[in-house]
Every structure is written in structure tokens, then in C-alpha cells.
Amino acid sequence: MASTETVHDVEVTHPDKELWRGVTKTDLAHYYDDVADVMLPHLRDRPVSMQRFPDGIGGHGFYEKRIPAHFPEWVDRVTVPTADGEQEQVVVSNARSLVYLAQQACVTPHVWLSRRRHLHQPDLLVVDLDPSGRDLPALRRATRLVGELLDGLGLVPFLRTTGSRGYHVTVPLRPEAGFDEVRAVAAEAADLLVEREPGLFTRAARVADRGDLVYLDVLRNGYGQTVVAPYAPRARPGAPVSTPLEWEELSSVEPDGYDLARVRRRLAQRADPWAGLRRRARGLGRARERLAAMRS
DNA sequence: GATCCGC
DNA sequence: GCGGATCAACGCATT
DNA sequence: AATGCG
Ligand SMILES: [Mn+2]
Ligand SMILES: [Mn+2]
């Protein structure tokens with residue numbers, strides 16, 4: 001019985017430790033190694049926050065933003081300004097670093113919406129749909145309405161499961177406007193939807209005030225805020241994965257519909273639906289104009 | 001998961 | 001050398 | 001300033 005395993009030149013200690021029921025550290029390391037080709041383009045140049053569960057998802061978990069001193073020099077990093085100074089965070093630039101995150105029991109990497117060259121200008125806009133209840137048809141209709149509105153604003157919305165309870169709609173941007181401007185546009189779009197469909201959407205900050213409506217979270221669009229990385233597993237039973245989808249799949253794939261094994265199979269059979277996302281980047285100018293017109 | 005401290 | 005304690009986020013909105 | 005939230 002070897003007490004360590006080697007995956008992509010990374011020593012995996014406690015290789016048989018279960019992070020999820022039936023899913024070991026070695027399994028996670030191989031998953032990361034296998035999906036690296038599709039995952040890395042979405043991680044490239046983005047500061048990462050690591051959500052770690054050294055004793056498995058049933059144990060104590062924590063977020064880690066600062067890169068620990070013991071990380072090897074071949075794990076890339078970036079220094080980012082914070083409210084009181086600056087700090088160094090991980091950047092996942094290659095498959096080996098991703099496998100190293102598995103060794104660290106990082107079950108879910110979270111990434112910034114901006115990249116190192118323009119830390120203050122996001123190249124993604126995200127509308128995070130958080131259902132309060134269990135009405136899946138309503139959640140799907142809500143998600144489709146978000147996509148249609150953003151499309152109507154001249155933007156190109158992309159869809160993914162969160163691996164948890166909701167979906168994300170993601171729009172690629174040219175990194176020009178600051179976070180506050182991007183968030184303001186997202187908030188105005190969300191408010192418009194609440195106005196149109198008050199029985200479906202809410203923007204109430206307090207959970208208790210949301211009833212069973214779908215919460216439109218646009219606060220992800222902030223400096224230093226993160227979203228779960230595409231193809232990241234989640235710390236939930238069954239090792240569900242946040243999975244990019246074609247819009248046509250919205251009606252057939254549930255928010256936690258893909259797990260580690262299913263994503264492997266999916267990617268062996270078809271390309272990443274988000275592969276062309278960067279080429280769809282737009283500025284916010286036209287969207288602002290159309291939004292103003294719709295509101296009047 | 002990794003490090004540090006005390007025994 | 002081993003067991004135990006300790007540490008590992010933060011920006012934005014609301015009140 | 002403190003709390004809630006993701
Ligand atoms: Mn431990
Ligand atoms: Mn969400």
C-alpha cells in the first residue's frame with residue numbers, strides 16, 4: 001500500500017482519503033488533470049480563492065485567498081490590491097497547478113471576474129440565479145428571461161449549472177468599464193426583470209424577504225468578488241460540477257445534473273460550450289443605451 | 001493540509 | 001518522533 | 001459600526 005500517489009508530477013498524500021463519498025483525493029487529482037484542457041482557459045490570469053476541505057466535505061471547510069508560503073514556486077501567483085494593502089493569490093496557469101490544488105483538498109476553486117492585466121475592469125458579467133424554493137420550471141423560465149434580456153441588450157449570454165441549486169448566466173465583456181459600472185448595468189437589468197415579473201424575481205438582500213422567488217444576485221460583479229470556476233466540483237453530496245451548457249440544454253439539465261463522472265463523459269464526447277466565449281466579448285455602451293430606452 | 005510547539 | 005493546537009476570506013448592501 | 005450575504 002503506497003502512502004502517496006503521483007499525478008502529473010504532483011505527490012498526492014492520503015491518496016485514498018474520501019473527499020466525497022466514493023470520491024478520493026486521487027480521483028479529484030485525475031479529474032482536474034483530465035479536464036484541464038477545457039478548464040484552464042477559464043482560469044487563466046484570474047486570481048483564485050481556494051475552497052478547501054482537508055477532511056472531506058463533511059468536515060470543516062474554509063476559503064483561502066492568500067497563497068500559503070509552502071506552495072511550490074511553479075504555482076503561478078499575482079499580487080492584488082486589497083482594502084488595506086495588497087496580497088498574493090494563486091493563479092492557475094497549467095494542469096499541474098490544478099492537480100496541486102487537489103492535493104490541497106481544494107474541491108472548489110473560485111475565480112475573479114477580472115484578469116491580471118486589468119484587475120479593476122472585469123471581462124465577465126454574471127447574473128447568478130438563486131432559487132428560494134424548489135420550482136424548477138420557474139427557475140428555468142427565469143434563467144431564460146435573463147438570457148433573453150441580455151441578448152436584447154446586444155450582449156452574448158452563456159449558460160452554466162452551478163452544481164448547486166441554481167444557474168449562472170455569464171456575459172463576456174471587453175475589460176473597459178470598472179466593476180461599479182458593470183454592476184450598475186447588471187443591477188438595472190435585474191431591476192427591470194423584477195418590475196416585469198414581480199411574481200418570479202426578487203432582489204431582496206435579506207433571505208427572509210425573498211419568499212419563494214428567484215433571487216437575482218448581481219453582487220458577484222464586484223472587485224475581489226468571485227464565482228465558482230467553470231467545471232469546478234462543489235462541496236455537496238454526489239460531487240456535482242458547475243457545468244457550461246448550450247442554451248438548448250436548459251430544459252433538460254438540472255442545476256446539479258452533472259457530477260465528476262458525467263462531466264468526464266460529456267467532455268470526451270463534445271466540445272466545451274463556452275470555448276468561443278472570449279470572441280463574443282462586447283463593450284457596455286450599446287447595452288447602456290438600450291437599457292435606458294427600455295426603462296423609459 | 002501544513003506548521004509549530006512541547007514533551 | 002508524535003500528538004495537539006492553530007491557522008487558512010472579503011466586498012457590498014443594509015440597518 | 002455591526003450584521004447579513006454569497
Ligand atoms: Mn487535518
Ligand atoms: Mn448562486
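Protein chains get the first letters and strands the later ones, always in sequence-line order, with residue 1 at the start of each. Only heavy atoms go into these numbers, but all of them, side chains included; no hydrogens, no water, no symmetry mates.
In this pair, A:H42 and A:Y231 present their aromatic rings tilted. The plane angle is within the 30 to 60° band.
Between A:Q87 and C:dC10 there is a side-chain N or O to OP1 or OP2 distance below 4.0 Å. Considering only side-chain N and O atoms, A:K65 lies nowhere under 4.0 angstrom from the phosphate OP1 or OP2 of C:dG11. Between A:Q89 and C:dA9 there is no side-chain polar atom (N or O) within less than 4.0 angstrom of OP1 or OP2. Distances shorter than 4.0 Å separate none of the side-chain N or O atoms of A:R206 from OP1 or OP2 on D:dT3. Dashed line: the shortest gap from a side-chain N or O of A:R234 to OP1 or OP2 of D:dG6 is not under 4.0 Å. OP1 or OP2 of B:dA2 sits under 4.0 Å from a side-chain N or O of A:Q104. Contact annotation: A:R66 reaches the phosphate of C:dC10 (side-chain N/O to OP1 or OP2, under 4.0 Å).
Atom CG of A:D180 is separated from atom P of C:dC12 by 6 Å (rounded to the nearest Å). Residue A:H168 contributes atom NE2, which lies 12 Å from atom P of D:dG6 at whole-angstrom precision. Atom CZ of A:F71 is separated from atom C1' of C:dA8 by 10 Å (rounded to the nearest Å). If you measure from atom CD of A:E11 to atom P of B:dA2, you get 11 Å, rounded to the nearest angstrom. Atom CZ in A:R52 sits roughly 7 Å away from atom P in B:dA2 (whole-Å rounding). For the pair A:Y215 OH and D:dG6 P, the interatomic distance rounds to 7 Å; values are reported in whole Å. The nearest whole Å value for the distance from the CG atom in A:D217 to the P atom in D:dC5 is 12 Å. Between the P atom of B:dT3 and the NE2 atom of A:H70 lies a distance of 6 Å, rounded to the nearest Å.
Across the P atoms, C:dA9 and B:dT3 are found 16 Å apart, a figure rounded to whole Å. Comparing B:dG1 with C:dG11, their C1' atoms sit 27 Å apart, to the nearest whole Å.
Among the nucleotides B:dA2, D:dG6, C:dA13, the one closest to any side-chain atom of A:L219 is C:dA13.
Residue A:A69 is out of contact with every strand shown, counting any heavy-atom pair closer than 4.0 Å. As judged by a 4.0 angstrom heavy-atom cut-off over every strand, A:R203 is placed among residues making no nucleic acid contact. When heavy atoms are screened at a 4.0 angstrom cut-off, A:Y223 is found touching the sugar-phosphate backbone but no base atom. Here A:H60 lies in heavy-atom contact (under 4.0 Å) with a base.
A donor-acceptor contact shorter than 3.5 Å is absent between the side chain of A:R282 and the backbone of A:L155.
Donor-acceptor pairing under 3.5 Å is lacking for the side chains of A:S114 and A:Q121. For A:E11 and A:T6, the side-chain atoms include at least one donor-acceptor pair closer than 3.5 Å.
Atom CG in A:D180 sits 4.5 Å away from atom CZ in A:R183 (nearest 0.5 Å).
Mapping A:F62 and A:G224 onto DNA chain C by nearest heavy atom places A:F62 closer to the 5' end of the strand.
Checked against a 6.0 Å centroid threshold, the rings of A:Y32 and A:H8 do not count as neighbours.
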